Number of protein chains: 2
Amino acid sequence: MPEDSLGVPPGTLIMLILRVLQHGPLHGYAIAQRIHALSAAVLQIEEGSLYPALQKILLKGWAEGEWGVSETNRKVRFYQLTPAGRKHLATEVADYDRVTQAIQSILRPARS
Amino acid sequence: MPEDSLGVPPGTLIMLILRVLQHGPLHGYAIAQRIHALSAAVLQIEEGSLYPALQKILLKGWAEGEWGVSETNRKVRFYQLTPAGRKHLATEVADYDRVTQAIQSILRPARS
DNA sequence: TTGACAGGCATAGCGTAACTAGGTATAGAT
DNA sequence: ATCTATACCTAGTTACGCTATGCCTGTCAA
């Protein structure tokens with residue numbers, strides 16, 4: 001892993017994947033690239049993390065997978081968010097925000 | 001665990017402990033209470049997480065432990081931040097902020 | 001006075017989740 | 001022809017917080 005890129009915090013990977021899928025279907029490799037790019041190259045998802053996470057997403061019914069051909073002419077699997085996936089994403093983001101706020105209130109309390 | 005309290009995200013526990021120790025020495029039980037209170041009861045640290053984390057903190061030299069007596073007259077171990085602990089805390093907070101920013105830029109990109 | 005309860009410390013084992021390391025395969029470029 | 005980037009997948013490891021459990025001691029009510 002490049003030394004100035006970090007892995008995502010445990011518990012956030014699936015949320016991030018579902019979030020980038022909100023723009024429209026993507027294949028796995030493109031999902032990792034999108035997260036890398038959107039995060040200004042701070043976040044890096046390893047393939048050994050990505051594909052198991054996608055399997056779980058399919059299994060949970062948060063996205064549907066469909067084999068197709070990429071813009072670079074390769075056989076790829078496109079993932080499309082389901083309504084259940086959208087709903088799950090919303091609750092995940094809400095929980096994440098709640099916890100993040102709580103951590104901020106410890107790192108930077110109103111009155112130190 | 002109370003259902004409206006959550007565990008801390010993996011990777012943040014030691015940072016939070018060191019942070020509350022910046023105000024001055026505390027014993028273990030009080031550390032957990034402080035984090036709970038400062039987070040408006042959102043974050044809950046279980047004892048099975050707390051004490052192993054404190055062991056690691058001692059081992060790494062981020063704090064020193066000293067046995068004493070609590071305000072409630074019980075034998076307790078007070079933890080005091082070391083210079084190394086302060087330094088480690090600073091880098092942990094910096095990394096955390098960097099990643100948190102990156103995640104925000106995916107959850108809420110400037111242009112959607 | 002004794003028993004429950006809260007405060008307080010500690011560890012073994014578990015579960016979750018991301019990572020390392022390895023494998024397979026193909027399109028396009030040199 | 002072979003190298004590189006693209007693309008998918010899995011087994012095993014590791015990190016880390018949690019559950020469950022055990023132990024001890026003040027305080028307070030019955």
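Each chain gets a letter, A, B and so on, in the order its sequence line appears, and its residues count up from 1. Because only heavy atoms are used, hydrogens play no part in the values below, and waters and symmetry mates are left out as well, while side chains stay in. As the structure is a computational prediction, the values presented were derived from the model and not from experiment.
The nearest whole Å value for the distance from the CG atom in A:Leu13 to the P atom in C:dT16 is 16 Å. With rounding to whole Å, A:Ile14 atom CD1 is found 13 Å from C:dC19 atom P. When rounded to the nearest whole Å, the span between NZ of A:Lys75 and P of D:dC8 equals 10 Å. Distance CG (A:Asn73) to P (D:dT4): 22 Å, rounded to an integer number of Å. Distance, A:Leu16 CG to C:dA17 C1': 14 Å, rounded to whole Å. A straight line from CD1 of B:Ile31 to P of C:dA10 spans 11 Å, rounded to a whole angstrom. Between the P atom of D:dA20 and the CD atom of B:Glu46 lies a distance of 10 Å, rounded to the nearest Å. In this structure, B:Ile45 places its CD1 atom 15 Å from C1' of C:dG8, rounding to the nearest Å.
A donor-acceptor pair under 3.5 Å is formed between the side chain of B:Ser105 and the backbone N or O of A:Leu38. For the pair B:Ser70 (side chain) and B:Arg74 (backbone), a donor-acceptor distance under 3.5 Å is present.
The distance from the CD atom of B:Glu64 to the OH atom of B:Tyr79 is 12.5 Å, given to the nearest 0.5 Å.
Just one residue in the list B:Thr100, B:Leu107, B:Ile106 forms a side chain to side chain contact (heavy atoms under 4.5 Å, CB included) with B:Ile103, and that residue is B:Leu107.
With DNA chain C read from its 5' end, the first of the two nearest nucleotides for A:Pro9 and A:Arg74 is the one closest to A:Pro9.
At C:dG7, none of the side-chain N or O atoms of B:Ser70 fall inside 4.0 Å of OP1 or OP2 (strictly under the cut-off). Residue B:Lys56 has a polar side-chain atom (N or O) positioned under 4.0 Å from OP1 or OP2 of D:dC16. Contact annotation: B:Thr72 reaches the phosphate of C:dG8 (side-chain N/O to OP1 or OP2, under 4.0 Å). Distances shown here put every side-chain N or O of A:His27 at or beyond 4.0 Å from the OP1 or OP2 atom of D:dC8.
Side-chain atoms of A:Tyr29 lie closest to D:dT6 of the nucleotides C:dG8, D:dT6, C:dA18.
For B:Arg98 and B:Gln101, the side-chain atoms include no donor-acceptor pair closer than 3.5 Å.
Taking all atoms of both residues into account, the shortest heavy-atom contact from B:Leu26 to B:Leu21 is N-CD2, 3.8 Å.
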Report task. Using a 4.0 Å heavy-atom cut-off, write out nucleotides 9-14 of chain D from 5' to 3' as B (base contacted by protein), S (sugar-phosphate only) or - (no contact). Result -> BB----
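A:Val76 forms part of a hydrophobic cluster together with A:Phe78, judged by ILVMFWY side-chain heavy-atom separations under 4.5 Å.
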